[in-house]
Amino acid sequence: MSVAQTTTADEAGAKPRHDWTRAQVRDLFELPFAELMFRAQTVHRANFDPSAVQISTLLSIKTGGCPEDCAYCPQSASYDTGVRAEKLMPLEAVLRDARAARAAGASRFCMGAAWRSPKERDLKQVCAMVGGVKALGLETCATLGMLSAAQARALKAAGLDYYNHNLDTSPEFYGDVIATRTYADRLDTLAHVRAAGIAVCCGGIVGMGETREDRVGMITTLAGLRPHPESVPINMLVRVAGTPLAEVPRLDPIEFVRTVAVARITMPRSMVRLSAGREDMSEETQALCFLAGANSIFYGPKLLTTANPGRDRDQELMQRLGMSAIECVTPSLRGA
Ligand code: SF4
């Protein structure tokens, strides 16, 4: 038995660790691919049904005109991408989309707004949306930008299960991507969300021109959060014309799969979500991501403003892989 296999037996069912060092995470990235996949699979199977996938639907409830300057984002007002600024959607329209998502098999409904942070008037309306979606029996998730402690508590009181706020990349590369808010701002929002008792959805984007060392730094930071984020979205950059990252060279899909595998090993009990970028990904790459431990996807033809595989294509892929949708994963909604 190889040293790596011996390590696997120890780490597979072990409690999540929060003391991963950069060197250890780097070593995982550098493993031979077969070894890395074996370890990720072993950890995955010790914690999850390897054929089950959680399905989320993401709706843009307030599109475009964002004052932030995230270099990957077509919704930033700083870039000319053809995305028009819209007003916050009315409650009834959001609930209609949530019912449709539920009918299509989604268990979680995420609402995204292109804000730096919500204004008080807007937050009230979002709280009504959260309450309405929750009453449909769906898990609720929102991504609204930075939150104060009081705003996080208000969302929790309205019934919010998850809050998405990504770290995006490593602390070192972050300044190359975003200038209008700091890494520390992001960590503060995550702390407010945690303190309010809302589950955390936090991951990042790869393929933005960062180095492997940046991917190591991002995963090390995520795996150092206590507790780990319940959901860890790993996004492949969608290169949108008009954004500063439109021409960045494509990342090797194998490196993307490696990132998913390292996220699985270092955060063994988190849902690792295959998020943006699936539209441009081969089905074989997606299948490798599931083997590497991804167990959550976004469903539906659009992810905020960029394309996503249609439901039929996803259902067909799930069928061919013999995978099935998990119902609810939030304990409170399972009655646990
Ligand atoms: S990622 Fe979010 S915060 Fe950044 S520009 Fe886009 S909508 Fe605004």
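Ligands are counted one by one from 1 in listed order, and the atoms in each one are counted from 1 as well. Just so we're clear, the structure is a prediction, and the values are computed from it rather than from any experiment.
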State whether Arg186 and Glu68 are salt-bridged, where the test is any N-O pair (Lys NZ or Arg NE/NH1/NH2 against Asp/Glu carboxylate O) under 4.0 Å. no

Cys70 near atom 8 (Fe) of ligand 1: N/O/S under 2.8 Å: no

Go through it in stages, so that I can follow the logic: the residues are Asp168 and Tyr72, the test is side chain to side chain donor-acceptor pair (under 3.5 Å), and I'd like the CA-CA distance, side-chain angles, deciding distance and then a yes or no. CA-CA 10 Å; Asp168 283 354; Tyr72 51 81; 2.7 Å; yes

Under 4.0 Å from one or more heavy atoms of Glu68, ligand 1 contributes atoms 3 (S), 4 (Fe), 5 (S), 8 (Fe)

For atom 8 (Fe) of ligand 1, what is the nearest protein heavy atom, given as residue, atom name and distance? Cys66 SG, 2.3 Å

Check for a donor-acceptor pair, side chain of Thr243 on one end and backbone N or O of Arg239 on the other, with a separation under 3.5 Å. no

Would you please classify the geometry between the His18 ring and the His228 ring as parallel, tilted or perpendicular, with 30° and 60° separating the classes? tilted

Using a 4.0 Å cutoff against the non-hydrogen atoms of Ala114, which atoms of ligand 1 qualify? 7 (S)

Within 45° of the six-membered ring axis of Tyr162 and under 6.0 Å from that ring's centre, is NZ or CZ of Arg108 located there? yes

Report yes or no: does Arg181 have a heavy atom closer than 4.0 Å to ligand 1? yes

Note: heavy atom closest to atom 5 (S) of ligand 1, options Cys73, Gly145, Pro67, belongs to Cys73

Under a 4.0 Å threshold between the charged nitrogen and the carboxylate oxygen, would Asp161 count as salt-bridged to Lys134? yes

One finds that the ligand 1 atoms under 4.0 Å from a non-hydrogen atom of Tyr72 are 1 (S)

